[in-house]
A.B. asks: 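Provided herewith is a single structure, encoded as structure tokens, for subsequent inquiry.
Computed from a prediction, not measured in an experiment: that's the story for all the values here.
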Amino acid sequence: MTLPVVTRFAPSPTGFLHIGGARTALFNWLYAKKRGGKMLLRIEDTDRERSTQAAIDAILDGLKWLELGWDGDVVYQYANAARHREVVDEMLAAGTAYRCYASAEELAQMRETAKAEGRTRFYNGLWRDRDPSDAPAGVKPTVRLKAPLTGETVIEDQVQGRVVWQNDNLDDLVLLRGDGSPTYMLAVVVDDHDMGVTHVIRGDDHLINAARQKQIYDALGWELPSMSHIPLIHGPDGSKLSKRHGALGVDAYRAMGYLPAALRNYLVRLGWGHGDQEIFSTEEMIEAFDLPAIGRSAARFDFAKLENLNGHYIRHADDQSLVTMLEDVLRYIPHGADVAAKINDTTRAQLLQAMPGLKERAKTLLELIDSAGFILADRPLPIEPKAQAVLTADTRKLIAQLRAALETVTSWSAATTEAAMRAFAEQHGLKLGAVAQPLRVALTGRTTSPGIFDVLAVLGRQECLSRLADQASE
RNA sequence: GCUCCCUUCGUCUAGCGGUUAGGACGUCGCCCUCUCACGGCGAAAACAGGAGUUCGAUUCUCCUAGGGAGCGCCA
């Protein structure tokens, strides 16, 4: 209520923006919006080996697609390396950190010993209180935090509650590597502090890091931001999310035809609930969202529910924006260019006209494109196998009769063609379905489509008569 | 192995000592109907197990089991 809220999303650019990262970004964004604050974006690129520009581009692209905008310029952590070293110098001077000259072999030995003795802390304090004059020549030291040996470190987490660690389980972590570059643990603390971050919201794989970082904050005399560690997302089978189990980049969801609004709605309900409400507009989400209401257990990713929500958002989207979204997604899907080549002013207008019937039946933009195929197809129409089965000799004759009846319709519309067909059915003692299905097959090449009279209207008199002629016989 | 976290229908969740344990997705049935959808109605479906605390535990405590995260000069 008092201080301005500043959250941050801090991905490391070693891969795409995966679904878990997207949710973390969403939660940070929602909380910042709710509190009238800011969400900052920081790229954690201190690992020069693994960070790539392609990953940075993918992350920014993913956030933009999800419409999760950040405030201010993107902060690149590596650019702050000098500042990180400066802080360590202060700690060295204050005696809250020290240089460690232990060799890789010595450290490996310590790790082994600790494991054998069932201890979590492995570093044995070798250089903690040692005289620097003992330093071996030619060894580049690391700098370690002089962490408290006894007592406990406590985090009051907004999601997890009070979490306590005995300090004898926590190590003297490395602040500065042998080459003088800062470690993640140090860089996060310094950057969060310098950027004025008030609320840290991240995956609960960082929960233990909160304790380590708390010790650094304490050593520096800085105040720890509010902490919220949100549970991870698991694959559909409960396993850790892997590339095989839905750990796709958000670009993959775009290519599967999901809408950003649907993905946001799905993600916000994963690990968080607000009574019985399932559908949240962006405004409602911001209004209702709160940190303590986030659940503590991991959630499984369920494509069926995402798809259901996506269908809801498609049905409620306006027709024009669906046409736009449909055209946009073509850039990201296989054979999208082929479909795009079929779209011109005429077919675009037909898509718009057909959209009310189309969107009622589509769960993704891909399904929308597929079911709009009858508008984009060239004659003679490809006929699906199931539709082919409908085209018996009898139905081909019927189609010829239907065509003749339709040819008399002058003022062509869904209403007039329907009236003509109902009259025909009545005269011949047929159910409407008996004439509708042959029409559908001849006009769309399929056994399912939007209402057949809407199809008639969208296609227009001439095209309909031609398509019917293609399938008719005497 | 050690440290920490988690455990309500198949899945996402509501519940915050007393409820016929609610909703949604999915599944199944019925209705609507020119197909498929949409929509409507209905059904099956859960408190991991065991001890406590309490007049009373899904709810509080502990233990067990199961799951997860971490244990780097990665982030």
A.B. asks: Say we look at A44(B) and C60(B): how far apart would their P atoms be, to the nearest angstrom?
C.D. replies: 29 Å
A.B. asks: Counting just side-chain N and O atoms, does Thr46(A) come under 4.0 Å of either OP1 or OP2 of A75(B)?
C.D. replies: yes
A.B. asks: Using the C1' atom as the reference point in each nucleotide, state the distance between C62(B) and A57(B) in Å, no decimals.
C.D. replies: 15 Å
A.B. asks: Could you state the atom-to-atom distance from CZ of Phe122(A) to P of G70(B) in whole Å?
C.D. replies: 17 Å
A.B. asks: Give a yes/no answer on whether the side chain of Arg269(A) brings an N or O atom under 4.0 Å of OP1 or OP2 in G23(B).
C.D. replies: no
A.B. asks: To the nearest Å, how far apart are Asp370(A) CG and C36(B) C1'?
C.D. replies: 12 Å
A.B. asks: State whether the distance check finds a donor on one side and an acceptor on the other, under 3.5 Å, for side chain Asp205(A) versus base G70(B).
C.D. replies: no
A.B. asks: Establish, with yes or no, whether the OP1 or OP2 oxygen of G68(B) is under 4.0 angstrom from a side-chain nitrogen or oxygen of Arg296(A).
C.D. replies: no
A.B. asks: Check this for me, if you would: do Glu86(A) and Arg83(A) make a salt bridge, where the nitrogen-to-carboxylate-oxygen distance has to be below 4.0 angstrom?
C.D. replies: yes
A.B. asks: Check the distance between A75(B)'s P and Asp47(A)'s CG and give it to me in whole angstrom.
C.D. replies: 5 Å
A.B. asks: Go ahead and name the base partner of C30(B); Watson-Crick or wobble counts if both distances stay under 3.5 Å, otherwise write none.
C.D. replies: G40(B)
A.B. asks: Taking any heavy-atom pair under 4.0 Å as a contact, classify Glu44(A): base, sugar-phosphate, or nothing.
C.D. replies: sugar-phosphate
A.B. asks: Taking atom P of A69(B) as reference, at what distance in whole Å does atom CG of Leu207(A) sit?
C.D. replies: 13 Å
A.B. asks: Contact class for Asn209(A) vs. all strands (heavy atom < 4.0 Å): base, sugar-phosphate, or nothing?
C.D. replies: base
A.B. asks: Please set out all donor-acceptor pairs under 3.5 angstrom arising from side-chain atoms of residues 156-163 of chain A, sequence neighbours excluded.
C.D. replies:
| unit_1 | atom_1 | unit_2 | atom_2 | d |
| --- | --- | --- | --- | --- |
| Glu156(A) | OE2 | Arg162(A) | NH1 | 2.7 |
| Asp157(A) | OD1 | Val159(A) | N | 2.8 |
| Asp157(A) | OD1 | Gln160(A) | N | 2.8 |
| Asp157(A) | OD1 | His229(A) | N | 3.2 |
| Asp157(A) | OD2 | His229(A) | N | 3.2 |
| Asp157(A) | OD2 | His229(A) | ND1 | 2.6 |
| Gln160(A) | NE2 | His229(A) | O | 2.8 |

A.B. asks: Would you mind reading off the distance between Arg202(A) atom CZ and C5(B) atom P, rounded to a whole angstrom?
C.D. replies: 16 Å
A.B. asks: Check every strand shown and say whether Arg144(A) touches a base, only sugar-phosphate, or nothing at a heavy-atom separation below 4.0 Å.
C.D. replies: sugar-phosphate
A.B. asks: Start at the 5' end of RNA chain B and walk down; is the nucleotide closest to Asp45(A) or to Gly271(A) reached first?
C.D. replies: Gly271(A)
A.B. asks: Is a donor-acceptor pair below 3.5 Å formed from side chain Asn308(A) to base A24(B), judging by atom type as modelled?
C.D. replies: no
A.B. asks: I'd like a table of atom pairs between the protein and nucleotides 63-66 of chain B - only N or O on both sides, under 3.5 Å - with the distance next to each one.
C.D. replies:
none

A.B. asks: Distance between the P atoms of U58(B) and G1(B), in whole angstroms?
C.D. replies: 32 Å
A.B. asks: Have Asp172(A) and Tyr98(A) got a donor and an acceptor in their side chains that come within less than 3.5 Å?
C.D. replies: yes
A.B. asks: Rounding to the closest angstrom, what is the interatomic distance between G23(B) and U3(B) at atom C1'?
C.D. replies: 38 Å
A.B. asks: In whole Å, what separates the P atom of C32(B) from that of C16(B)?
C.D. replies: 41 Å
A.B. asks: Check this for me: does any side-chain nitrogen of one of Glu426(A) and Arg422(A) sit under 4.0 Å from a carboxylate oxygen of the other?
C.D. replies: no
A.B. asks: For a quick check of understanding: with a heavy-atom distance under 4.0 Å over all strands, which category does Arg446(A) fall into, base, sugar-phosphate or nothing?
C.D. replies: nothing
A.B. asks: Pick base, sugar-phosphate or nothing for Arg121(A), based on heavy-atom distances below 4.0 Å to the nucleic acid.
C.D. replies: nothing
A.B. asks: Strictly below 4.0 Å: does Lys305(A) bring a side-chain N or O up to OP1 or OP2 of U13(B)?
C.D. replies: no
A.B. asks: Indicate whether OP1 or OP2 belonging to C2(B) is found under 4.0 Å from a side-chain N or O atom of Asn169(A).
C.D. replies: no
A.B. asks: Rounded off to whole Å, could you give me the CD-to-P distance for the Glu278(A) and G26(B) pair?
C.D. replies: 11 Å
A.B. asks: Could you give the CD-to-P distance, from Glu307(A) to C12(B), as a whole number of Å?
C.D. replies: 18 Å
A.B. asks: Work out how far the P atom of C31(B) is from that of A48(B), and round it to whole angstrom.
C.D. replies: 39 Å
A.B. asks: Suppose we define a pair by two distances each less than 3.5 Å, Watson-Crick or G-U wobble; what does A14(B) pair with here?
C.D. replies: none
A.B. asks: For Arg269(A) and Gly273(A), which heavy atoms make the closest approach, and how far apart are they?
C.D. replies: NH1-CA, 3.7 Å
A.B. asks: Do the side-chain N and O atoms of Ser371(A) and Arg361(A) include a donor-acceptor pair separated by under 3.5 angstrom?
C.D. replies: no
A.B. asks: Can you tell me how far P of C2(B) sits from CE of Met110(A), to the nearest Å?
C.D. replies: 23 Å
A.B. asks: For U33(B) versus C28(B), give the span between their P atoms, rounded off to a whole number of Å.
C.D. replies: 23 Å
A.B. asks: Using atom P in both nucleotides, what's the gap between C4(B) and G40(B) to the nearest angstrom?
C.D. replies: 49 Å
A.B. asks: Select base, sugar-phosphate, or nothing to describe what Ser181(A) touches, counting heavy atoms under 4.0 Å on all strands.
C.D. replies: nothing
A.B. asks: Under 5.5 Å between ring centres and under 30° between planes: true for His274(A) and the base of A14(B)?
C.D. replies: no
A.B. asks: Go through C25(B), A75(B), A37(B) for me and flag the one nearest to the Asp302(A) side chain.
C.D. replies: C25(B)
A.B. asks: Could you tell me which nucleotide pairs with G52(B) by Watson-Crick or G-U wobble geometry, both distances under 3.5 Å, or answer none if nothing does?
C.D. replies: C60(B)
A.B. asks: Check Phe16(A) against Ala58(A) and note the closest heavy-atom contact, atom names and distance.
C.D. replies: CA-CB, 4.3 Å
A.B. asks: Classify the side chain of Arg361(A) versus the base of U35(B) as yes if they form a donor-acceptor pair under 3.5 Å and no if they do not.
C.D. replies: yes
A.B. asks: Strictly by Watson-Crick or wobble contacts shorter than 3.5 Å, is anything paired with G66(B), and which nucleotide is it?
C.D. replies: C6(B)
A.B. asks: Judged by modelled atom types alone, do Asn167(A) and Thr153(A) share a side-chain donor-acceptor pair under 3.5 Å?
C.D. replies: yes
A.B. asks: Could you tell me whether Arg422(A) contacts a base, only the sugar-phosphate backbone, or nothing, with contacts defined as non-hydrogen atoms closer than 4.0 Å?
C.D. replies: sugar-phosphate
A.B. asks: Can you give me the closest heavy-atom contact between Ala288(A) and Trp272(A), atom names plus distance?
C.D. replies: O-CZ2, 3.3 Å
A.B. asks: Looking at Asp89(A) and Arg85(A), does any basic side-chain N land under 4.0 Å from a carboxylate oxygen?
C.D. replies: no
A.B. asks: By nearest nucleotide on RNA chain B, pick out whichever of Ala10(A) and Gly275(A) is the more 5' one.
C.D. replies: Gly275(A)
A.B. asks: Decide whether Gln215(A) and Arg212(A) meet the rule of one side-chain donor and one side-chain acceptor closer than 3.5 Å.
C.D. replies: no
A.B. asks: Identify the nucleotide, in any strand shown, that forms a Watson-Crick or G-U wobble pair with C71(B), with both distances under 3.5 Å; if there is none, say none.
C.D. replies: G1(B)
